Amino acid sequence: MSDDPDFTKPPPPSHYAPYADSVDSEAASEVFDSNGSLLSGKSGQVYGIPESRKIGVMGAVFLILNKMIGTGIFSTPSSIFASTGSVGISLMLWAVAGLLTLSGLSVYLEFGLAIPRSGGEKNYLERVFRTPPFLVTSVFAVQMILLGFSAGNSLAFGRYVLLAAGHPMPDGWVPRLIAVICMTFVVSLHAVLPKWGLRLTNALGIFKVIVLLLIVFSGFAALAGCRRVPNPHNFDDFWSIEKGDGFGGGGAYAYATALLQVVYSYKGWENANYVMGELKNPQRTLKIAAPLAVVGVTILYVLANVAYFAAIPKAELAKSEVIVAGLFFRNMFGESMAARSLPAFVALSNIGNVLAVSFAHSRVNQELAKEGILPWSKFWASSKPFKTPAASLFLHWIVTVIVLIAPPPGPAYNFIVNLYTYPGAWINTFVAGGLIYLRLKKSENWSSPWQTHILVAFVYLLLNLFLAITPFIPPNSDWNADGYPYYAFPLVGIAILFLGAVYWVIWTKVWPRLGGYVLVAETIIDETGEVVVRYRKSPKEDTTIASRPLLGDTSSAPPGYGSL
């Protein structure tokens, strides 16, 4: 190979982790989805985006920030305090979650800078868990499609709109209808006017920072005595644990559940990893944008919680459910137009989260479809007619609307929050364990421009194991306090991961046996210059199976691939 990279040809076979003998890319250029529809090669699908629409450093910062700052910081502090009953322990959990986030960010930076492709965890898991073929891809795909919804923040948007209008409604069909309208607007904007979608995302990112700063500085004023309510004296006995009506009474289960909800509030720090293919100079952009966004949000989160405790009495805070920010505004500014307008600002923050999540997750859905993993992949992978992932956005819309409409009114919100977050703990566990394996196994030839200290990776692994296991510990209080057994959400979350394994059996075993073919993976260079995998069907008598790439192993990749 010459010194100049030739991205019109695949990398040499030594770059692959072969399942069998390699296949000539020209001969295996037709790729089909799980239904047998022609997906790439002769189909002429083009997925690249214009350079003018790629995202720079500040755009990536706001993409991360908008997903991190959604409904969590404005709603879950009440349930965190109700579970722990302690001001000190609550603030400590927010700090611990910040450290968890930073350790996870380091792990994802190492993977993302070594494998600068859209798709996030999909690429990292595929790099590590290559046997049995296609299993980890199937599990990730089912988890991402079914649980990558925007229902939580869409529903919070509807609730805060009603609160701003003077009609608070914690749950019911009216806020859900508003949530569906919100989701429809977001998906339509990203599909038809993608530039304006990103501009609105950036504008709302700036707006979110302003709202949080308003809360923080109002909290400082509350500490100085400037509030509409008497001093709640929440900091007088910092570590005391409240018990009684509205409090969970502490215990391992309560703390684990609280920490899980705090992690949900930080969720989104990995958002830029999902869209690496749409970043300008992706490795440099990710290395700057991700730490900047995460550190800034962590500081704002801790200070915002201090502000809440400075203005809201304990009993009121513990029972406020999802309107804690609204109570804070009321106690600080009174029952006035200001108190109604500030919840509207929070509603705008929620829609900013929906914009960021829809943008990133639709790109992941499209990556899965481009590789032929999903049924009707040709449709979901299409960029027509606006050169945007409109079909994948529509898939994201379908799942979100089902989640919004299907659960009956009641304790559905907390269940959705837990269900959305819990399987991610298992995914992150395998990502962290995979990085430790790559670092310790010299034969893997792992290298990355970013090096995570091995102890940081172990901390991230152990914390995610804690989040994955402790929800099974029985609570000290009623086992059905939330309207369903305490073990319901982790069992359902694990069941969804196992559903991915079931899909793998159907996709790679049942359908091929019925159809008289075998499923193989082909490594190609796509039109954007990325090393990618396409899945295709081959007759049973054809024993030549295409090779799978050893993603992240840059030792024999084309010059410049996977390096800064």
Side-chain angles (χ1 to χ4, degrees), residues 7 47-68 104-128 137 140-141 144 148 190 194 198 201 268-294 356-371 381 383 388-389 392 427-428 431 434-435 446-450 452 523-533 549-554 557-558 560-564:
F7 287 113
Y47 308 108
I49 64 170
E51 190 68 25
S52 61
R53 273 175 39 197
K54 290 196 172 182
I55 304 168
V57 171
M58 291 311 299
V61 167
F62 290 126
L63 194 63
I64 297 170
L65 187 147
N66 263 302
K67 188 176 180 183
M68 291 185 72
L105 175 63
S106 182
V107 170
Y108 274 60
L109 280 175
E110 180 160 346
F111 270 119
L113 297 184
I115 311 173
R117 290 180 48 205
S118 296
E121 298 99 331
K122 169 189 170 296
N123 303 316
Y124 317 150
L125 294 171
E126 285 180 340
R127 171 60 178 86
V128 181
T137 306
F140 177 80
M144 178 58 67
H190 278 318
L198 287 175
T201 301
W269 51 268
E270 76 287 5
N271 210 31
N273 289 69
Y274 292 145
V275 296
M276 290 285 286
E278 299 197 23
L279 301 181
K280 296 177 181 177
N281 193 349
Q283 293 161 314
R284 176 182 176 274
T285 297
L286 182 67
K287 187 166 61 174
I288 297 174
L292 182 61
V294 171
V357 172
S358 300
F359 180 87
H361 284 211
S362 64
R363 269 63 181 178
V364 177
N365 293 347
Q366 188 182 44
E367 287 297 314
L368 294 168
K370 283 162 61 176
E371 296 186 3
S383 295
T388 61
S392 293
I427 295 293
N428 292 338
V431 169
L435 180 61
W446 173 255
S447 72
S448 174
W450 181 278
T452 299
T523 304
I524 66 172
I525 302 292
D526 72 359
E527 71 284 341
T528 65
E530 290 187 357
V531 180
V532 297
V533 181
L550 188 61
L551 293 175
D553 176 6
T554 60
Y561 179 77
S563 61
L564 288 174

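We're numbering straight along the sequence, starting at 1. FYI, side chains are in, hydrogens and waters are out, and symmetry mates aren't considered; it's all heavy atoms of this structure. In this text, all values refer to a predicted model and were calculated from it rather than measured experimentally.
In this structure E110 satisfies the salt bridge (Lys or Arg N to Asp or Glu O under 4.0 Å) test together with R439, sequence neighbours excluded. A search for side chain to side chain donor-acceptor pair (under 3.5 Å) contacts involving T388 returns nothing, not counting sequence neighbours. Taking the side chain to side chain donor-acceptor pair (under 3.5 Å) definition, one finds that N428 meets it with Y108, Y460, sequence neighbours left out. By the side chain to side chain donor-acceptor pair (under 3.5 Å) test, H361 pairs with K67, sequence neighbours left out. Legend: residues meeting side-chain contact (heavy atoms from CB on, under 4.5 Å) with A290, ordered by chain and number and at least two apart, are I64, L105, L109, L286.
Of the possible polar contacts, one joining the S118 side chain to the G277 backbone as a donor-acceptor pair under 3.5 Å is found. Side-chain N or O atoms of T285 include one that pairs as donor or acceptor with a backbone N or O of K280 at under 3.5 Å.
Taking both residues in full, the closest heavy atoms of A356 and L63 are given as CB-O, 3.6 Å, listed atom of the first, atom of the second, then distance. In terms of heavy atoms, W446 sits closest to A114 at CH2-CB, 3.5 Å. Taking both residues in full, the closest heavy atoms of P449 and L113 are given as CD-O, 3.8 Å, listed atom of the first, atom of the second, then distance. Here the closest heavy-atom approach between residue S383 and residue Q366 is recorded as OG-NE2, 3.0 Å. In plain terms, the two heavy atoms of N273 and G112 that are nearest each other are ND2-CA, 3.9 Å. Of all heavy-atom pairs between G120 and Y274, the closest is CA-CD2, 3.7 Å.
Residues H190 and S362 have side chains not in contact (no heavy-atom distance under 4.5 Å, counting atoms from C-beta outward). In this structure the side chain of I55 reaches within 4.5 angstrom of the side chain of L198, judged on heavy atoms. Side-chain contact between Y124 and L435 is absent, with no heavy-atom pair separated by less than 4.5 Å. Counting heavy atoms from C-beta on, the side chains of V431 and F111 come closer than 4.5 Å. R117 has its side chain out of reach of M276: every pair of non-hydrogen atoms, C-beta onward, lies at least 4.5 Å apart. Side-chain contact between I427 and L125: present, with at least one pair of heavy atoms (C-beta onward) separated by less than 4.5 Å.
Distance CD/E121 to CZ/F140: 5.0 Å, rounded to 0.5 Å. Taken to the nearest 0.5 Å, the OG atom of S358 stands 10.0 Å off from the CG atom of N365. Separating the CD1 atom in I288 from the CD atom in Q283 is a distance of 12.0 Å, to the nearest 0.5 Å.
Listed by first and then second residue, the salt bridge (Lys or Arg N to Asp or Glu O under 4.0 Å) pairs that reach into residues 55-64 come to none, sequence neighbours excluded.
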(request) Take E126 and T137, measure what side-chain hydrogen bond (donor to acceptor under 3.5 Å, both in side chains) needs, and give me the verdict at the end. (result) CA-CA 7 Å; E126 285 180 340; T137 306; 2.5 Å; yes

(request) Evaluate the criterion side-chain hydrogen bond (donor to acceptor under 3.5 Å, both in side chains) for residue pair E367 and S392; output intermediate values, then yes/no. (result) CA-CA 9 Å; E367 287 297 314; S392 293; over 6 Å; no

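Ion pairing between a basic and an acidic side chain is recognised when a charged N comes within 4.0 Å of a carboxylate O; E270 and K122 show no such pairing.
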